[in-house]
Amino acid sequence: MTPDALFYETAENAHGLKHDPFKAIVAPRPIGWIGTKATDGRLNLSPYSFFNAVSDRPKLVMFSSSGHKDSVTNIEATGVFTCSLASRHLAEEMNASSVAVPYGVDEFDIAKLTPVAGRLVDAPYVGEAHAALECRATQILRPLGLDGRESDNWVVFGEVVGIHISREILKDGMIDMAVARPLGRMGYMDYCDGGAEVFAMTRPKAG
């Protein structure tokens with residue numbers, strides 16, 4: 001990086017750019033398309049770009065909600081949720097489900113998607129998705145900043161107890177990313193297609 005590269009301290013956030021570049025640097029981010037069910041039976045579906053897998057033994061995923069949104073409310077009450085794979089063929093539907101609506105409004109209906117009941121958890125996943133995870137919540141917390149104050153984010157961790165995979169994305173016993181085409185969230189209003197350019201590399205051996 002050249003000496004004239006832009007540098008700024010985040011305490012003041014005086015970057016001088018049109019938009020805060022933080023989320024454009026931490027990119028692409030997987031999208032957690034979280035399905036939940038309220039105690040009264042109403043369904044909820046919301047995409048979260050602060051999402052990822054954090055462990056494979058046990059299989060744990062997490063998503064972070066900016067503000068205490070409906071997904072968190074439902075998971076606190078039921079302890080379960082699903083995560084559907086947001087692929088390129090469902091980009092418009094995923095975006096439609098991100099609309100801010102009153103509690104109890106069914107985003108499956110808004111996005112014209114098929115809710116399918118989980119086999120092991122009482123929460124819906126997207127029937128049109130290439131893959132879906134059924135999860136049981138293990139932790140819900142608010143992360144702390146350097147000043148010790150809680151952020152305005154609720155982070156939900158869940159253990160994956162069931163996995164659905166469409167056979168159309170399987171090739172030679174593996175998921176073909178060129179077919180699955182998972183969406184990634186970039187900065188600003190940008191997204192990317194995770195299947196656009198797929199290449200493999202083998203980890204080098206020491207010595």
Side-chain angles (χ1 to χ4, degrees), residues 10 20 22-39 43-87 90-91 93-95 97-98 100 103 107-108 113 115-126 129-165 175 177 180-187 190-192 194:
T10 57
D20 190 335
F22 170 66
K23 289 189 285 186
I25 296 171
V26 186
R29 300 185 305 281
I31 297 170
W33 210 2
I34 307 300
T36 59
K37 183 178 179 181
T39 53
L43 306 183
N44 181 267
L45 179 68
S46 299
Y48 292 88
S49 67
F50 288 133
F51 166 83
N52 221 316
V54 295
S55 168
D56 64 347
R57 298 180 185 175
K59 291 178 172 60
L60 297 173
V61 294
M62 60 73 64
F63 74 92
S64 180
S65 172
S66 180
H68 194 278
K69 295 179 179 174
D70 298 349
S71 301
V72 179
T73 297
N74 291 343
I75 295 168
E76 286 176 334
T78 66
V80 297
F81 63 96
T82 68
C83 179
S84 297
L85 178 63
S87 297
L90 295 175
E93 289 83 352
M94 180 279 299
N95 192 46
S97 71
S98 70
Y103 181 69
E107 291 87 355
F108 282 94
L113 292 166
V116 180
R119 294 192 186 185
L120 303 178
V121 304
D122 190 14
Y125 63 89
V126 175
H130 287 315
L133 311 176
E134 297 189 20
C135 308
R136 294 190 181 277
T138 58
Q139 288 177 282
I140 301 176
L141 55 86
R142 294 177 68 182
L144 305 178
L146 290 173
D147 58 5
R149 295 182 180 179
E150 293 179 327
S151 78
D152 191 34
N153 282 63
W154 275 257
V155 182
V156 178
F157 292 87
E159 182 167 346
V160 180
V161 296
I163 299 177
H164 304 262
I165 306 173
I175 292 176
M177 289 300 172
R181 300 179 67 184
L183 291 175
R185 188 73 163 92
M186 310 290 275
D190 298 334
Y191 293 82
C192 68

Do C135 and V121 touch side chain to side chain, with heavy atoms closer than 4.5 Å?
no
Nearest 0.5 Å please: distance from the CG atom of N95 over to the OH atom of Y191.
5.0 Å
Decide yes or no for E150 and L144: does some side-chain heavy atom of the first lie under 4.5 Å from some side-chain heavy atom of the second?
yes
To the nearest 0.5 Å, tell me how far F81 CZ sits from I75 CD1.
5.0 Å
Give every donor-acceptor pair under 3.5 Å between a side-chain atom in residues 26-38 and any protein atom, sequence neighbours left out.
from : atom 1 : to   : atom 2 : distance (Å)
R29  : NE     : S49  : O      : 3.2
R29  : NH1    : K23  : O      : 2.8
R29  : NH1    : V26  : O      : 3.0
R29  : NH2    : S49  : OG     : 3.2
W33  : NE1    : S97  : OG     : 2.9
T36  : OG1    : N74  : ND2    : 2.9
K37  : NZ     : D122 : OD1    : 3.2

Are any non-hydrogen side-chain atoms of L141 and P143 less than 4.5 angstrom apart?
yes
Flag if over 12 foreign heavy atoms under 6.0 Å of OH, Y103
yes
Closest heavy-atom pair, C83 versus F51, reported as atoms and distance to 0.1 Å, is SG-CZ, 3.5 Å
Mark yes or no for whether E159, through its side chain, and T138, through its backbone, hold a donor-acceptor pair below 3.5 Å.
no
Donor-acceptor contact below 3.5 Å, side chain S64 vs main chain F50
no
Which pair of heavy atoms, one from I140 and one from E76, lies closest together, and at what distance?
CD1-CG, 3.7 Å
Rounded to the nearest 0.5 Å, what's the gap from CD1 on I25 to CE on M186? Could you check?
12.0 Å
In terms of heavy-atom contacts, L85 and A180 come closest through CD2-CB, 4.3 Å
With a 4.5 Å heavy-atom cut-off, do L45 and F108 have their side chains touching?
yes
Mark yes when over 12 heavy atoms from residues, nucleotides or ligands other than K69 sit less than 6.0 Å from its NZ; otherwise mark no.
yes
Heavy-atom side-chain contact between L113 and L90 under 4.5 Å
yes
Shortest non-hydrogen contact between I163 and K59, atoms and distance
CD1-CD, 4.4 Å
Does the plane of the ring in F63 sit parallel, tilted or perpendicular to the ring in Y48? Use 30° and 60° as the thresholds.
tilted
Shortest non-hydrogen contact from D152 toward R142:
CA-NH2, 4.0 Å
Rounded distance [0.5 Å steps], CZ in R119 versus NE2 in H164
6.0 Å
With rounding to the nearest 0.5 Å, note down the distance linking CG in D70 to CG in L43.
12.0 Å
Quick check for you: to the nearest 0.5 Å, what is the distance between M62 atom CE and N52 atom CG?
8.0 Å
Within the distance-only criterion (no hydrogens, no angle test), does the side chain of S65 pair as donor or acceptor with the backbone N or O of H68 below 3.5 angstrom?
no
Closest non-hydrogen atom pair between A123 and V80, with its separation
CB-CG2, 4.2 Å
